[in-house]
Protein chains: 2
Amino acid sequence: MAVPGKTSRRAGIADVARLAGVSIGTASKALNDRGQLRDETRARVQAAAEQLGFIPSSVATSLLTGRTFTVGLIMTDHHGRFSLPILHGAEDALGWAETLAFVCDTRDDPIREQHYVRSLLSRRVDGIIVAGRRAEARPPLVLQRAPVPVVYAFARSADDADCSVVTDEAGGAVMAIDHLVRTGRRRIAHVTGPHGHASAIARVAGVHESLAAAGLSLVGEPWYGGWSEVWGRFAAAALTREHPDVDAVFCGSDTIARGVADGLREAGRRVPEDVAIVGVDNWAPVAEECRPPLTSVDLNLREVGHRAGRLLLQAIESGHTPGVHAVPCQLVVRASSAPA
Amino acid sequence: MAVPGKTSRRAGIADVARLAGVSIGTASKALNDRGQLRDETRARVQAAAEQLGFIPSSVATSLLTGRTFTVGLIMTDHHGRFSLPILHGAEDALGWAETLAFVCDTRDDPIREQHYVRSLLSRRVDGIIVAGRRAEARPPLVLQRAPVPVVYAFARSADDADCSVVTDEAGGAVMAIDHLVRTGRRRIAHVTGPHGHASAIARVAGVHESLAAAGLSLVGEPWYGGWSEVWGRFAAAALTREHPDVDAVFCGSDTIARGVADGLREAGRRVPEDVAIVGVDNWAPVAEECRPPLTSVDLNLREVGHRAGRLLLQAIESGHTPGVHAVPCQLVVRASSAPA
């Protein structure tokens with residue numbers, strides 16, 4: 001469709017009223033579903049609006065409510081893995097385009113973040129969601145005293161007076177271990193990301209807790225390394241040498257798990273017959289292409305985004321809910337953990 | 001940071017003027033860098049604004065210019081692979097938060113798209129970018145006569161009077177083949193996605209053109225299948241049986257290429273010593289984890305987004321530029337295509 005020329009302009013409410021043969025006040029009542037009007041009048045105005053392609057301005061709504069029905073979504077992501085499901089969940093909570101989100105990608109740059117915050121505040125957003133891509137706590141936004149509610153999603157705020165929605169990382173690890181134990185595995189190892197990473201720490205705690213509850217203990221120490229396939233392959237090779245009787249590996253990410261699957265196969269182990277594997281992230285491009293397809297702990301990021309959106313609306317409408325809200329994970333079972 | 005209580009409110013320009021001991025008019029001049037003022041006065045007003053956390057409202061700017069300095073970015077994506085680089089490029093073009101983008105993910109649902117379009121128009125966006133995730137042409141947005149410029153990114157509009165920015169898919173295939181020929185490969189096969197897919201068709205044309213220019217022809221027919229690793233593995237196994245002298249495979253996507261790399265290794269071929277591989281997408285999670293790391297045609301989606309953003313600003317400010325604007329691809333060389 002070509003852009004109409006300068007003579008074209010949007011139809012206004014006066015045009016609608018003229019076409020329907022009513023006053024502007026009546027047209028406004030009909031279009032906003034207010035006041036006492038005959039059904040026939042309301043229908044005539046709506047038909048006129050339809051015919052002219054009249055779109056009500058959100059400015060009027062803003063003046064009435066003091067809200068702009070816009071929020072900011074500040075994110076930082078390289079591959080969309082974390083931020084897209086959070087955006088989808090937030091969109092669902094914000095109600096099918098009733099409230100729209102300005103999306104700003106700070107690319108891990110604090111100056112860019114500050115710039116975007118100022119820009120969002122100058123547009124009078126009703127609130128801001130900050131979506132992180134790591135489980136580590138992050139410093140609160142610098143809001144320059146603007147009374148705008150903020151909800152942190154995935155990466156919680158370091159200030160406990162803020163409202164944060166996170167995934168229950170330790171609970172996800174418990175789910176993975178419980179699944180392996182219930183399906184008959186007893187010699188379980190754990191290969192994960194860097195030493196000191198908040199997600200790795202939380203998951204290791206869940207692993208130990210859950211194994212202890214089953215009267216088992218971890219095969220060797222946790223294998224700390226990186227979130228990469230190459231680390232998974234290295235770890236699998238070393239693990240089968242050091243602990244030839246290992247019958248399951250819980251991995252801190254799907255990427256690691258994919259490397260472990262290849263490494264085990266190349267060490268002559270069958271997955272899942274000899275060794276079961278469970279990953280974390282349930283990221284389709286990795287989990288579904290793994291050989292065999294990977295059982296994985298889904299971090300439920302869409303639900304994190306949805307909860308963040310709901311809490312933000314609640315903060316805008318009625319009240320702020322401080323504290324850290326944890327969303328449970330969910331286990332997605334595929335072939336890599338079928339019982340031996 | 002806790003949200004301030006009801007008594008808190010944003011500082012207005014009157015508060016800034018009072019604190020600086022100047023009139024509201026003077027404060028406005030100082031903050032908007034207009035009019036004749038002494039440097040000392042300007043500095044005093046700016047210090048007061050800083051102290052009070054004063055943020056100018058964008059509403060005033062909109063009233064002056066007739067623009068809202070907002071655009072819509074309509075996308076549809078499952079994994080962020082296509083839309084995130086387009087968002088990044090558009091953000092860069094829209095100028096560091098000067099113009100903010102409402103991002104709406106339609107999830108391939110035309111009803112949702114129409115809903116978002118209405119919502120964007122009611123917010124008086126200055127323009128809309130529509131980012132597709134396939135190279136196929138898509139129907140134009142239904143704009144209900146609203147005179148808002150639209151630029152289509154990656155998936156072009158089916159209406160040639162619209163403005164679309166696409167990648168030069170055939171040119172990307174030419175780059176891949178030229179690279180393989182220049183590095184000594186002569187027996188080149190092509191494994192790609194589904195028969196009839198626009199990207200597959202465009203790339204096959206580029207492959208034939210570029211091989212013919214080098215006095216070569218394709219080894220066998222193009223292998224059409226799916227955009228998956230499993231298809232790449234199947235194709236590699238069949239290809240080495242049918243054409244044991246193949247010395248290079250150009251693949252229609254990185255995912256296929258990764259499957260081909262595994263399939264060739266499992267068929268006893270060394271990559272790149274015996275067979276070189278080039279993929280398309282340069283999607284880091286796949287290309288970098290491939291064994292060996294994958295040479296790949298980058299679709300330059302960030303540049304597509306940047307160009308779309310620039311063309312949209314141009315359409316808003318001065319004039320619409322109809323037609324299809326093609327952005328060249330770029331070859332990223334990694335180990336999988338090292339000369340034999």
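Order of the sequence lines fixes the chain letters, A, B, ..., with proteins taken first and strands second; residue numbering starts at 1 for each chain.
Taking non-hydrogen atoms and a 4.5 Å limit, the residue list of residues 284-294 of chain A in contact with chain B, ordered by number, reads A/A284, A/P285, A/E289, A/R291.
Of the two parts of B/S228, the backbone and the side chain both hold a non-hydrogen atom closer than 4.5 Å to a non-hydrogen atom of chain A. Contact of B/E266 with chain A is made through the side chain alone, with heavy-atom distances under 4.5 Å. At a 4.5 Å heavy-atom cutoff, the contact between B/L120 and chain A is made by backbone and side-chain atoms alike.
B/R258 and A/D262 get closest at one heavy-atom pair: NH2-OD2, 4.4 Å.
Atom OG1 in A/T70 sits 7.0 Å away from atom CZ in B/R123 (nearest 0.5 Å).
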Requested in this report: Carefully, step by step, assess B/L87 and A/M75 under the rule side chain to side chain contact (heavy atoms under 4.5 Å, CB included).
Outcome: CA-CA 12 Å; B/L87 170 65; A/M75 64 175 206; 3.8 Å; yes
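B/F102 and A/F102 have parallel rings, their planes meeting at less than 30° on a 0 to 90° scale where 60° marks the start of perpendicular.
Counting heavy-atom pairs under 4.5 Å between each of A/L73, A/V230, A/V103, A/L52 and chain B puts A/V103 at the top.
Salt bridge annotation for B/R107-A/D92: present, with a cationic side-chain nitrogen under 4.0 angstrom from a carboxylate oxygen.
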